[in-house]
Q: 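The structure that follows is given in the form of structure tokens.
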Amino acid sequence: SFDFQAMCVLVACCLALAVILIVDVVYERVYGGFVEPQMVHSEAAAEVAEVVTRVGCLRPFQQAFDWLGSCVSGHAQTIAHGALYATSGEVRLESMDRWTSADGGTIELARFEAPESSVGTALIIPGMCGNASTSTLAVESCFRAGLRPVVFHRRGDGDKLTSPRFNLGGDKHDFDDAVRRLEGPLVLFASSAGTGLAVRWLGEFGAKSDVRAAVLNSPGYDLGVALTRCRWMYSTAFYLKVLKDHYCRRNKDLLRAADPVAYDNCLNAPTCHAFMTAAAPFAGYPTYPSYLRNTNPIFVVDHLTTPMLVINALDDPICVKDNVDDNINIFHHAPSCVLLTTSRGGHCGFYARDPKSRRTFPWAHDCGFRFLADYCLKPPPPAAG
């Protein structure tokens, strides 16, 4: 039978939600259109903070999706970043370096042409499942800053797997091999899952390397926690399907033959965190705890000495605000790390709009690569040891 009272409650709830969204959009348009980045750093990192200020990273910017309101702008930024790979044709791929590891895995470096007056090389580490074709915004921002873009392809992120081994964030030894193939001045730009690899490598190998500076766009910090906080629509739906299709289904015969139990556990994983846990054997570790011990970036942050700019949006639905809050103390003590937070930006997107030309641009990319270019122009630091 028709429940008139229940229908009234439902209509009232829908109207209330509509009013909240309308008020939110109006408020955002009137008061929240411009975003002011906030900086956190230790006294020891004052020199790094001065570079951040000098290259214009603290200037307020107008977010591109202010008309949507604060309730959904973070999701809009995130979805846009996942969908907008269109390139202007400004930069062309020059070569693809491929090599084979000792266990038969294939690693790649996508090298793009250098600007006319290149000041250095930027090694770009994309987010989960990313490669050169999904990194066009980073590549073009890099080029505009006067840096030559090179994109690191983790195993399985370029061509299909050639050995039954993959790591969602990337293997630190594969990455070390890649860095050794590049000539300086060299800087790093990492996004999302790629930030864990950048920090882990810098913490273990960075002090002895020629890498001058690094930028982390939307890091999740503690690998053992970050994906458990990822909003459900990403963790249990879209991204989870991408992971299973990208790594498992297109490499089914290879992975199932190597470890059928781990393969089935990956396919049956209900969340992205569960998938990462199940995939530990394919990363080369017998258990998930051993995987964390050898890959979690949070264990090496005290060893970081490379100048580093970290950028997080507080409305990020994937690497959420709680991750930043839990690890804010790092930036109160780290000698070379600066944190920039913004109230809007989503996950890796940070799309901004030029109020004069109305052109949309990736603020975090442009800001980050200007920071890196500045360090390429500086004299190299004294050799370690």
Q: Hey, what's the ring geometry for Tyr285 with Tyr291, parallel, tilted or perpendicular (30° and 60° as the breaks)?
A: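 Ring orientation, 0 to 90° scale: perpendicular.
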
Q: Check the pair Arg293, Ser290 against side chain to side chain donor-acceptor pair (under 3.5 Å), reporting the backbone distance first and the verdict last.
A: CA-CA 5 Å; Arg293 283 195 301 273; Ser290 65; 4.7 Å; no

Q: Classify the ring geometry of Tyr234 against His75: parallel below 30°, tilted from 30° to 60°, perpendicular beyond 60°.
A: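 Parallel.
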
Q: Can you spot which of Phe350, Phe189, Phe371 makes a ring-ring contact (aromatic ring centres under 6.0 Å, His included) with His365?
A: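 The option that passes is Phe189.
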
Q: Contact between Gln63 and Trp363 at the side-chain level, heavy atoms closer than 4.5 Å - yes or no?
A: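 A side-chain contact under 4.5 Å is absent here.
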
Q: Considering non-hydrogen atoms only, spot the tightest contact between Lys321 and Leu314 and give its length.
A: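 Residues Lys321 and Leu314, closest heavy atoms: CB-O, 3.7 Å.
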
Q: Check this for me: Asp210, atom CG, are more than 12 non-hydrogen atoms of other residues, nucleotides or ligands nearer than 6.0 Å?
A: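 Check fails, neighbour count at 12 or below.
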
Q: Between Thr121 and Glu183, is any pair of side-chain heavy atoms under 4.5 Å apart?
A: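 No; the side chains remain at least 4.5 Å from each other.
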
Q: Between Cys248 and Cys266, is a disulfide (SG to SG under 2.5 Å) present by the stated rule, with each step listed?
A: CA-CA 8 Å; Cys248 293; Cys266 287; 4.5 Å; no

Q: In plain terms, say whether Asp97 and Arg181 are close enough for a salt bridge, that is, a side-chain N and a carboxylate O under 4.0 Å apart.
A: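 No.
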
Q: Just wondering, more than 12 heavy atoms not from Glu47 lying within 6.0 Å of its CD?
A: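 No - once you tally the heavy atoms of other residues, nucleotides and ligands closer than 6.0 Å, there are 12 at most.
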
Q: Are any of the side-chain heavy atoms of Val211 and Leu202 separated by less than 4.5 Å?
A: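 A side-chain contact under 4.5 Å exists here.
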
Q: Is it true that, when you exclude Lys241 itself, more than 12 heavy atoms of the residues, nucleotides or ligands shown sit nearer than 6.0 Å to its NZ?
A: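 No, not enclosed.
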
Q: Answer yes or no: is there an ion pair linking Arg111 with Glu94, defined by an N-O contact shorter than 4.0 Å?
A: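 No, this pair does not count.
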
Q: Between Val199 and Val301, is there a side-chain heavy-atom distance shorter than 4.5 Å?
A: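 Yes - at least one pair of side-chain heavy atoms lies under 4.5 Å apart.
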
Q: If you define the side chain from C-beta out and look only at heavy atoms, does anything of Cys142 sit under 4.5 Å from Phe112?
A: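 SC-SC contact between Cys142 and Phe112 ruled out.
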
Q: Students often mix this up, so state it plainly: with edges at 30° and 60°, are the rings of Phe175 and Phe152 parallel, tilted or perpendicular?
A: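 If you compare the ring of Phe175 with that of Phe152, the planes turn out perpendicular.
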
Q: Could Arg155 and Asp103 be called an ion pair, given the rule that one side-chain N must be under 4.0 Å from one carboxylate O?
A: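 A salt bridge links Arg155 with Asp103.
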
Q: Taking the side chain as everything from C-beta on, heavy atoms only, tell me whether Arg154 gets closer than 4.5 Å to Asn167.
A: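 Sidechains of Asn167 and Arg154: no contact.
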
Q: Looking at Arg180 and Asp176, is any side-chain nitrogen of the basic one under 4.0 Å from a carboxylate oxygen of the acidic one?
A: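 Yes, this pair counts.
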
Q: Side chains of Asp302 and His333: do they bring a donor and an acceptor to under 3.5 Å?
A: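 No, because no side-chain N or O of Asp302 sits under 3.5 Å from a partner of the opposite role on His333.
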
Q: Check whether any side-chain heavy atom of Asp174 sits under 4.5 Å from a side-chain heavy atom of Asp177, and report yes or no.
A: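 Asp174 does not reach Asp177 side chain to side chain.
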
Q: Do Val40 and His332 have side chains that get closer than 4.5 Å, going by heavy atoms?
A: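 Heavy-atom side-chain distance check passes, below 4.5 Å.
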
